[in-house]
Amino acid sequence: YGDASQKIDYVFKVVLIGDSAVGKSQILARFARNEFSLDSKATIGVEFQTRTLVIDHKSVKAQIWDTAGQERFNVMMLDMRLFMVIHVKVDLDSRLCQAVMGDVSSVLMLWLEKRYRAVTSAYYRGAVGAMLVYDITKRQTFDHIPRWLEELRSHADKNIVIILIGNKSDLEDQRAVPTEDVNEFAQKEGLFFLETSALQATNVESAFMTVLTEIF
Ligand code: GTP
Ligand code: MG
């Protein structure tokens, strides 16, 4: 799992995206440290981990970025309200506050939208690979994939290598997304596709290798 003394030939930035609780952080923990935790906390902000591998006799440092799957815009709205409660000491339930909020909200929304775009662009900047994760036991997380693809296509480099990942394959008895449906979808969209289990360490290595070798 990585050798610090190695000389690095390439650094590849890969981003993890997908709805909240699909297992992005655990996939990363499995890949970077061979760890897994069942009571993993929702990610706040952006984190990244690296692992150096040898591909075709070259050492490749994979820098994997992980962020919260919750809609970033909503998170920023919450941050904003929290900021106001703590720093401006407003009482969000008071009628006065609601009136003031109403007045500033259009200005605030514009500012937030600008911030949101800046944060989103920063996350995708320089990324050469993307892992788009859904949970095979939660249909909704797969139904949201087109939205994530849209975000990718509007913010990331157009040559980015994308792999679609159906995580939690260990929960076969709770499966809500048939593999065949996704195969068809992935083919149509020109995406790689694998089902993984961060828990059982199934296909996690293959998923990363697929992306990294394709970038290479
Ligand atoms: P956000 O940070 O909120 O975007 O969520 P996330 O996508 O990073 O999810 P996270 O990795 O925190 O995992 C969410 C929950 O699913 C945790 O309870 C994990 O233990 C569990 N989980 C993750 N991967 C697997 C898996 O392969 N199998 C099973 N059974 N559970 C998993
Ligand atoms: Mg997370």
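Counting starts at 1 for both ligands and their atoms, in listed order. These numbers come from a predicted model, not from an experiment.
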Identify which of Ser169, Ser37, Gly23 has a heavy atom lying nearest to atom 19 (C) of ligand 1.
Ser37
Backbone N or O of Val22 within a donor-acceptor pair of the Asn167 side chain at under 3.5 Å?
yes
Before signing off on this row, confirm whether Leu199 and ligand 1 have an N or O atom pair separated by under 3.5 Å.
yes
For the pair Tyr123 (side chain) and His155 (backbone), establish whether a donor and an acceptor sit closer than 3.5 Å, ignoring hydrogens and angles.
no
Could you list which atoms of ligand 1 come closer than 4.0 Å to a heavy atom of Leu38?
17 (C), 18 (O), 19 (C), 20 (O)
Taking the side chain as every heavy atom from C-beta outward, state whether Val182 and Phe142 have any atom pair closer than 4.5 Å.
yes
Nearest atoms (heavy-atom pairs only) where Ser59 meets Ile8
OG-CA, 3.3 Å
Geometric N/O contact Asp170 with ligand 1, under 3.5 angstrom
yes
Would you say ligand 1 has an N or O under 3.5 Å from any N or O of Ala198?
yes
Hey, does Ser20 come in under 3.5 Å of ligand 1, counting only N/O atoms on both sides?
yes
Exam field: side chain Arg175 to backbone Val177, donor-acceptor pair closer than 3.5 Å
yes
The protein heavy atom nearest to atom 5 (O) of ligand 1 is Ala21 N, 2.9 Å
Just need the protein heavy atom nearest to atom 24 (N) of ligand 1, so name the residue and atom and give the distance.
Asn167 ND2, 3.1 Å
Are the charged groups of Lys24 and Asp66 less than 4.0 angstrom apart, N to O?
no
Quick look: Leu171 vs ligand 1, heavy-atom contacts under 4.0 Å, and the answer is side chain
Within ligand 1, which atoms have a heavy atom of Ser40 less than 4.0 Å away?
10 (P), 11 (O), 12 (O), 13 (O)
When you measure from the side chain of Lys61 to the backbone N and O of Phe12, does any donor-acceptor pair fall under 3.5 Å?
no
Backbone N or O of Thr196 within a donor-acceptor pair of the Ser169 side chain at under 3.5 Å?
yes
Kindly confirm whether the Mg ion (ligand 2) is within less than 2.8 Å of some N/O/S atom in Gln26?
no
Does Leu199 offer a backbone N or O that forms a donor-acceptor pair with the side chain of Arg30 under 3.5 Å?
yes
Numbering as shown, the atoms of ligand 1 that approach Gly69 to under 4.0 Å (heavy-atom distance):
1 (P), 4 (O)
Test your reading of the model: is there a side-chain donor-acceptor pair from Ser40 to the backbone of Ser37, 3.5 Å cut-off?
no
Does any N/O atom on Ala68 come nearer than 3.5 Å to any N/O atom on ligand 1?
no
Just which atoms of ligand 1 are under 4.0 Å from any heavy atom in Ala42?
2 (O), 3 (O)
For Phe31 against Ala62, the heavy-atom pair lying closest together
CE2-CB, 4.3 Å
If you measure every N or O of Gln26 against every N or O of ligand 1, does any of those distances drop under 3.5 Å?
yes
Of all protein heavy atoms, the one nearest atom 22 (N) of ligand 1 is Lys168 CE, 3.7 Å
Counting backbone and side-chain atoms alike, is an N, O or S atom of Ser20 positioned under 2.8 Å from the Mg ion (ligand 2)?
no
